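Owing to the predicted nature of the structure, the values given are computational and were not obtained by experimental measurement. In what follows, chains carry the letters A, B, and so on, assigned in the order in which the sequence lines appear, proteins first and then strands, with residues in each chain numbered from 1.
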Protein chains: 2
Amino acid sequence: MPMPSLNIDERRTQSPDVAVSIVVFAIQPPAALVAPGTADPERPVRLWLPLVRRLREPYAGAWALPGGPLAWDRSLDQVAGATLLATTGLPARHLEQLYSFGATGRSATAPRLVTIAYWALLALDQPLAADGIDHVAWFPADALPDLAFDHRDIVDVALDRLRAKTAYADIAARFLAPEFTLAELRQVHDAVLGTTSDPANFRRRLLASGQVEPTGSLRREGAHRPARLFQFTPGPHPREQDPA
Amino acid sequence: MPMPSLNIDERRTQSPDVAVSIVVFAIQPPAALVAPGTADPERPVRLWLPLVRRLREPYAGAWALPGGPLAWDRSLDQVAGATLLATTGLPARHLEQLYSFGATGRSATAPRLVTIAYWALLALDQPLAADGIDHVAWFPADALPDLAFDHRDIVDVALDRLRAKTAYADIAARFLAPEFTLAELRQVHDAVLGTTSDPANFRRRLLASGQVEPTGSLRREGAHRPARLFQFTPGPHPREQDPA
DNA sequence: TCAAAAGTGTTCTACGTACACCCATGG
DNA sequence: CCATGGGTGTACGTAGAACACTTTTGA
């Protein structure tokens, strides 16, 4: 039984590099930054995420997740939030740590690298900025190019987590503006999970859960009865955000 | 909007220290290492976990989670497994990454520190080693001493995860020997969740889930009908282990 | 033959699904 | 007045909770 050294949080050794990467999901990408050839008028409600073109080796020229090194005086959450802002120009509607990746050989040339991955949701109530943001393009989650490092694995884990949370929580509402119709919410829900829900049952289930409540106002559009608008029920929703 | 630097996995900066800490759960601690005054004959089935007495500043003399620095040539999972082995003398029945903690000011004196936390389960089919393991004591999970750093937060997150997995998966069986009775499994299940399940319903639910299957043999003990022994159903249980 | 735990059967309720049907609106 | 989506009502099936009951053993 080797390794007599137990415990110890602070021992100083040759430290690996620590980076934070982030998988950002949105329902509608900024039109100016849609990657060529990926739009599909047949499917208006799809999952999109932004990628960054790498400028340096290794993987120069390849697409990668947005990210950056962990700054000395910033928490993991802060670095993730700053990366998101620099990539999209918007703060997240939901930001959550995903998983940490630290296998050896993740980067062939670079020194040892540990990546702490986050995932985030953006609402579509503000247009995403496109000016002043270079080397970024948005791709549909089901039509991604080859990615640098093991970033494809990270995206897959993020998709799993997003679908799991969508199935049991109201996470889908965070894609939308503060006020939304239940039909909009159902479309997002179905787009994420790949299902087709019954509108009546979706409505009842959601109302019974107490996660949303009507705002009182209506939205009229098209030749049919206007839809009631809903919002998140504010207040104590346990464990929406993990600790940091 | 500051921070023009996007992307980049490999940029070299002053790296923080990276450590791996682990929360190890077991149902029965090694008798020789039970912390004084924590045993309770009234409750034979309880959750226990090992702590390590710190030798260095900061927090010298305080109890802390087992852990160690991330070695250059080891993956996160490997370091977690090695720490577990050094602390308990046994390999884990279940080992899973928990969360990464990287707030600033976690360690007042040490340089910046990022801790990647794991949690593990030990089976009680082998006696835990006590010889050659120093500075380690086992405590009941509901009667822990004050812990160094923010390790108390880590334990709380691990408890939440353990309870969540116990509620929807057969994770409780990993505390037991390969063959077990449903009554044993139910006791573990209830000890972890703090519930008292109906034996009949527990039996039916578990059998219907297909997660366990009878081995064919019986166990006779006490003045009552012998109990059938069960085992994990081997094979494709999706997502028992997250990626690394 | 009795206590004790293993194991089975039965009922009740909650909740999700399927689907028929009514409501309100613009054209 | 009709097509369209919003919204309600209702019947069915499955799964868990509660609990009465039978089975098998050691003493």
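- Classified by interplanar angle (parallel below 30°, tilted 30° to 60°, perpendicular above 60°), the ring pair Phe202(B)/His189(B) is perpendicular.
- Using a distance-only test at 3.5 Å, with no hydrogens or angles considered, a donor-acceptor pair links the side chain of Thr233(A) to the main chain of Gly210(A).
- Regarding Arg204(B), its CZ atom lies at a distance of 14 Å from the P atom of dC19(D), rounded to whole Å.
- Ring pair Trp63(A)/His151(A): centre-to-centre distance not below 6.0 Å.
- A heavy atom lying under 4.0 Å from DNA chain C marks the following residues of residues 180-202 of chain B, by number: Ala183(B), Ala200(B).
- Legend: residues meeting salt bridge (charged side-chain N to carboxylate O under 4.0 Å, His left out) with Arg163(A), ordered by chain and number and at least two apart, are absent.
- Although no hydrogens or angles enter the test, the distance criterion places no donor-acceptor pair under 3.5 Å between the side chain of Thr115(B) and the main chain of Ala117(B).
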How does protein contact run along nucleotides 22-27 of chain D, one letter per nucleotide 5' to 3', with B for base contact, S for sugar-phosphate only, - for none, heavy atoms under 4.0 Å? -BBBB-
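- Helix bend of the helix from dT1(C)-dA27(D) to dG27(C)-dC1(D): the angle between its two end axes, each built from five pairs, comes to 10° after rounding to 10°.
- Taking 3.5 Å as the limit, the base of dG6(D) and the side chain of Arg219(A) contain no donor-acceptor pair of atoms between them.
- Glu179(A) and Arg219(A) are not joined by a salt bridge, as no carboxylate oxygen comes within less than 4.0 angstrom of a charged side-chain nitrogen.
- Of the N and O atoms on the side chains of Asp190(A) and Thr195(A), at least one donor lies less than 3.5 Å from an acceptor on the other residue.
- A donor-acceptor pair under 3.5 Å links the side-chain atoms of Arg174(A) to the main chain of Arg93(A), judged by distance alone.
- Distance alone, capped at 3.5 Å, places no donor-acceptor pair between the Gln187(B) side chain and the Glu184(B) backbone.
- Put simply, the side chain of Asp198(B) gets close to the backbone of Asn201(B): a donor and an acceptor are under 3.5 Å apart.
- A side-chain donor from one of Ser100(B) and Ser100(A) sits under 3.5 Å from a side-chain acceptor of the other.
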For nucleotides 12-15 of chain D, print each protein N/O atom paired with a nucleotide N/O atom at under 3.5 Å, atom names and distance only.
none

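- Taking every nucleotide of DNA chain C with any atom under 4.0 Å from a non-hydrogen atom of chain B, the first and last of them, 5' to 3', are dA3(C) to dT10(C).
- With hydrogens and angles ignored, the 3.5 Å screen pairs no side-chain donor or acceptor of Ser197(B) with any backbone N or O of Pro199(B).
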